[in-house]
Amino acid sequence: MGAAAALALTGCSEEVKRGWYPGTNETTNHSEVLTNLWVNSWIAALVIGLVAWAAMIWCMVAYRRRKNDQGFPKQTGYHMPLETMFTVIPLVLVFGLWGFTDRVQTEVDTPVDDSPLTVTVYGKQWAWDFNYEYEGQEAHYMGVQAQLDTDGNAGVQDTLPTLYLPVDVPVHFELKSRDVAHSFWIPQFLQKRDMLPGKTNHLYLTPQEEGRFDGKCAELCGEYHSEMLFNVEVVSEEEFKQQLDRMEPGLVGDEYNRNPNENPDGAREMEDDLQTPRGGGSH
Ligand SMILES: [Cu+2]
């Protein structure tokens, strides 16, 4: 009982220390700096909040209207020191917050030119393609439309595309879209980036903990957006190489793009496709 309570309490305080962020400070090489920015911003906001609330309550109590008060209280318009103070303090806060954010963002988004692994990810309605380039080897996996289970629940895990990543190897993600705007998000990695048609975005990180993580699309991209999920397996370098050997060799590129704006026929086919009832594994 005592042990369980202690466990619950330490678990809780650990969560609080990380501002309820998912993952741990070691999940990727950026986890710690991102978590610190988040937690410290909250601490700063809380301190400012306490000062502001205290000042408000003090004014309400100290300057409340007394029984025999007549007319307006003393007016303090054009009080230069006061007005300078409530202009300068917010400016300092905003630029401070901006400065810390910019520093962390620059650190996290600095391109790593010599990443040994490049993964080009295509988002598409409503699945994912993963291209791997690693030590001269090229392999890919093309996801298929995620299926509902027999109860109509989204994201049957076994049928989801799986992104394999070797632990402790810096990875450069090239993020692209085959059709509409999507967003690549692995919540526990604390990084997320848009995937836009006709554009390539980049993410750089090093996974530091082996394990299974959830990935998802974070940009409403159509009817089955909520099913646009994937698994992430961070594995040993050895197992990663075995997984690459099991995949289709070579890369798949823009030839499978479907641009509804430039190819109206493609868009029409897509709509027809959606009219037919789902199921039977036809997708
Ligand atoms: Cu999407």
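The figures that follow rest on heavy atoms only: side chains count, while hydrogens, waters and symmetry mates do not. Counting starts at 1 for both ligands and their atoms, following the listed order.
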Between M228 atom SD and C217 atom SG, the angle centred on the Cu ion (ligand 1) rounds (to 10°) to 110°
Ring centroid separation for Y132 and Y164, is it under 6.0 angstrom?
no
Is the centre of the F184 ring less than 6.0 Å from the centre of the F230 ring?
yes
Plane angle bin for Y204 and H202 - parallel if under 30°, tilted between 30 and 60°, otherwise perpendicular
parallel
Would you mind checking if D179 and K124 are paired as a salt bridge, meaning a charged N to carboxylate O distance below 4.0 Å?
no
Below 2.8 Å, can you find an N, O or S atom of C221 next to the Cu ion (ligand 1)?
yes
Can you tell me if an N/O/S atom from M195 lies under 2.8 Å from the Cu ion (ligand 1)?
no
Could you check which N/O/S atom of H182 is closest to the Cu ion (ligand 1)?
ND1
